[in-house]
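Start at 1 and go down the list; that is how both ligands and their atoms are numbered.
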Amino acid sequence: MTAQIIDGKTIAQQVRAEWKVRADALKARGVTPGLAAVIVGNDPASKVYVANKVKACAELGMYSKHIELGSDISEAELLAEIAALNSDPKIHGILVQLPLPKHLDAHKVIEAINPDKDVDGFHEKNVGALVTGETPFPSCTPYGVMVLLEKTGIAIEGKHAVIVGRSNIVGKPMALLLLHKNATVTICTSKTVDLAKHTRDADILVAAVGKANFITGKMVKPGAVVIDVGINRNAEGKLVGDVDFASVKEVAGYITPVPGGVGPMTITMLMANTVRAAERLSGFSK
Ligand code: NDP
């Protein structure tokens with residue numbers, strides 16, 4: 001079997017066009033959705049991510065503010081920047097690019113963001129809403145995976161979804177979103193015994209491990225849907241996922257490539273969350 005490729009680039013373009021209609025509708029009512037991206041320090045990967053987010057805002061005709069702060073900024077100064085963005089009426093979404101330098105308490109910084117502008121969905125209020133039901137701001141990568149599954153026409157209800165990884169930004173929210181859609185969910189971690197036994201039982205397998213080519217064809221059930229969240233560089237410096245694409249594509253029914261799978265969806269869902277934040281803050285939706 002050769003798996004069907006889930007083309008994240010094409011789906012992301014389609015989803016962006018759908019959200020542009022909503023952004024344009026807001027603009028027609030005098031509200032331009034605005035995103036502020038705060039970056040602290042000089043991490044080159046973080047700089048690329050933030051530049052891409054700002055570019056995507058421009059594509060949707062949204063307002064964006066890119067705030068670069070020195071790595072020696074104090075916590076009080078950073079909190080003051082966030083307070084200013086919280087009260088800026090042109091800003092509907094605030095993201096603070098992680099990781100932060102060690103002297104800054106990331107939890108405190110995230111909790112300082114107005115939860116109604118927390119478009120990354122990391123504030124405890126929004127995480128709690130996800131646990132108990134529905135959050136207005138699902139965290140962008142797992143939200144993107146859900147949209148990829150939906151747009152590809154993959155049914156979730158009753159399926160066994162296995163997620164490898166339990167981070168707060170990918171694994172845990174992914175599990176909750178799949179659970180809300182009535183999947184039976186297993187979460188695997190570095191402490192899981194006989195990982196392959198679990199992954200081979202998955203109808204939907206999500207890899208969010210951070211290890212290049214970690215999931216191999218032998219770990220996958222024939223016909224399974226395999227979603228690769230990982231972004232890694234291999235020994236040759238090439239961008240690869242957590243899934244060994246060459247062996248898994250011969251076994252799986254569907255597979256996302258890296259690059260061009262989950263990655264483009266993450267930014268798209270950030271745009272979606274920002275438009276939704278603008279709709280809610282301006283009273284045009286709940
Ligand atoms: P973390 O490092 O925070 O989490 C990795 C998880 O993998 C942990 O829960 C860890 O378990 C688990 N793990 C590590 N080794 C094993 C193992 N041998 N067997 C089973 N589980 C294991 O990573 P993130 O969740 O932040 O990111 C995961 C990957 O996704 C990275 O490659 C990252 O770059 C990428 N990413 C991609 C995004 C995108 O837009 N496409 C967005 C965000 C991340 P334990 O908890 O026990 O340590």
| request: Kindly identify the option in T189, V262, V229 whose heavy atom sits closest to atom 36 (N) of ligand 1. | output: V229
| note | ligand 1 atoms nearer than 4.0 angstrom to some heavy atom of N232 are 32 (O)
| query | For the side chain of E111 and the backbone of E124, is there at least one donor-acceptor N/O pair under 3.5 Å apart? | reply | yes
| said: If the threshold is 4.0 Å, N to carboxylate O, is there a salt bridge linking K20 and D24? | reply: yes
| said: Is it true that K47 and N42 share a donor-acceptor pair across their side chains at a distance under 3.5 Å? | reply: yes
| task | Note the single closest protein heavy atom to atom 12 (C) of ligand 1, along with its residue, its atom name and the distance in Å. | result | G165 CA, 4.0 Å
| request: For atom 13 (N) of ligand 1, find the nearest protein heavy atom and state the residue, atom name and distance (0.1 Å precision). | output: V209 CG1, 3.7 Å
| remark: Among non-hydrogen protein atoms, atom 46 (O) of ligand 1 lies closest to R166 NE, 2.7 Å
| query | Would you say the side-chain atoms of N234 pair up with the backbone N or O of N213, donor to acceptor, closer than 3.5 Å? | reply | no
| said: Is it true that E279 and H92 share a donor-acceptor pair across their side chains at a distance under 3.5 Å? | reply: no
| Which of the listed options, P142, C188, G210, holds the heavy atom that is closest to atom 31 (C) of ligand 1? | G210
| said: Looking only at protein heavy atoms, which one is nearest to atom 23 (O) of ligand 1, and what is the separation? | reply: S167 CB, 4.4 Å
| task | Apply side-chain hydrogen bond (donor to acceptor under 3.5 Å, both in side chains) to D88 and list each qualifying residue two or more places apart in sequence or on a separate chain. | result | none
| Backbone or side chain, does any N or O of K191 fall under 3.5 Å from an N or O of ligand 1? | no
| query | Do other residues, nucleotides or ligands put more than 12 heavy atoms under 6.0 Å from the NZ atom of K181? | reply | no
| Of the backbone atoms (N, CA, C, O) and the side-chain heavy atoms from C-beta on, which set of M265 has a member under 4.0 Å from an atom of ligand 1: side chain, backbone, both, or neither? | neither
| request: Check each atom of ligand 1 against the heavy atoms of V164 and keep those under 4.0 Å away; list them by number with element. | output: 20 (C), 21 (N)
| Nearest to atom 34 (O) of ligand 1, what protein heavy atom do you find, and at what distance? | I231 O, 3.4 Å
| query | With a 4.0 Å heavy-atom cut-off (strictly under), which part of T266 contacts ligand 1: side chain, backbone, both or neither? | reply | side chain
| query | Is the closest heavy-atom distance from G171 to ligand 1 below 4.0 Å? | reply | no
| said: To check your reading of the model: name the closest protein heavy atom to atom 15 (N) of ligand 1, its residue, and the distance in Å. | reply: K211 NZ, 3.1 Å
| field | V170, I215, L270: member with heavy atom nearest to atom 27 (O) of ligand 1 | value | V170
| said: For the backbone of I113 and the side chain of K117, can you confirm whether one donor and one acceptor N or O come within less than 3.5 Å of each other? | reply: no
| field | Side-chain (T189) to main-chain (K191) donor-acceptor, under 3.5 angstrom | value | yes
| Short side-chain to backbone donor-acceptor contact, N182 and I156, under 3.5 Å | no
| query | For ligand 1, which part of T141 has a heavy atom less than 4.0 Å away: the side chain, the backbone, both, or neither? | reply | side chain
| Test side-chain hydrogen bond (donor to acceptor under 3.5 Å, both in side chains) applied to D228 - qualifying residues, sequence neighbours left out | none
| task | Enumerate the atoms of ligand 1 whose separation from the nearest heavy atom of I169 is less than 4.0 angstrom. | result | 26 (O)
| Which residue owns the protein heavy atom closest to atom 18 (N) of ligand 1, what's the atom, and how far is it? | F214 CZ, 3.3 Å
| said: Can a donor-acceptor pair be found, under 3.5 Å and without considering hydrogens, that links the side chain of T192 to the backbone of L195? | reply: no
| query | Quick one: does L195 get an N or O within less than 3.5 Å of an N or O on ligand 1? | reply | no
| said: Checking a contact table here: which protein heavy atom is nearest atom 10 (C) of ligand 1, and how many Å away? | reply: S190 N, 4.3 Å
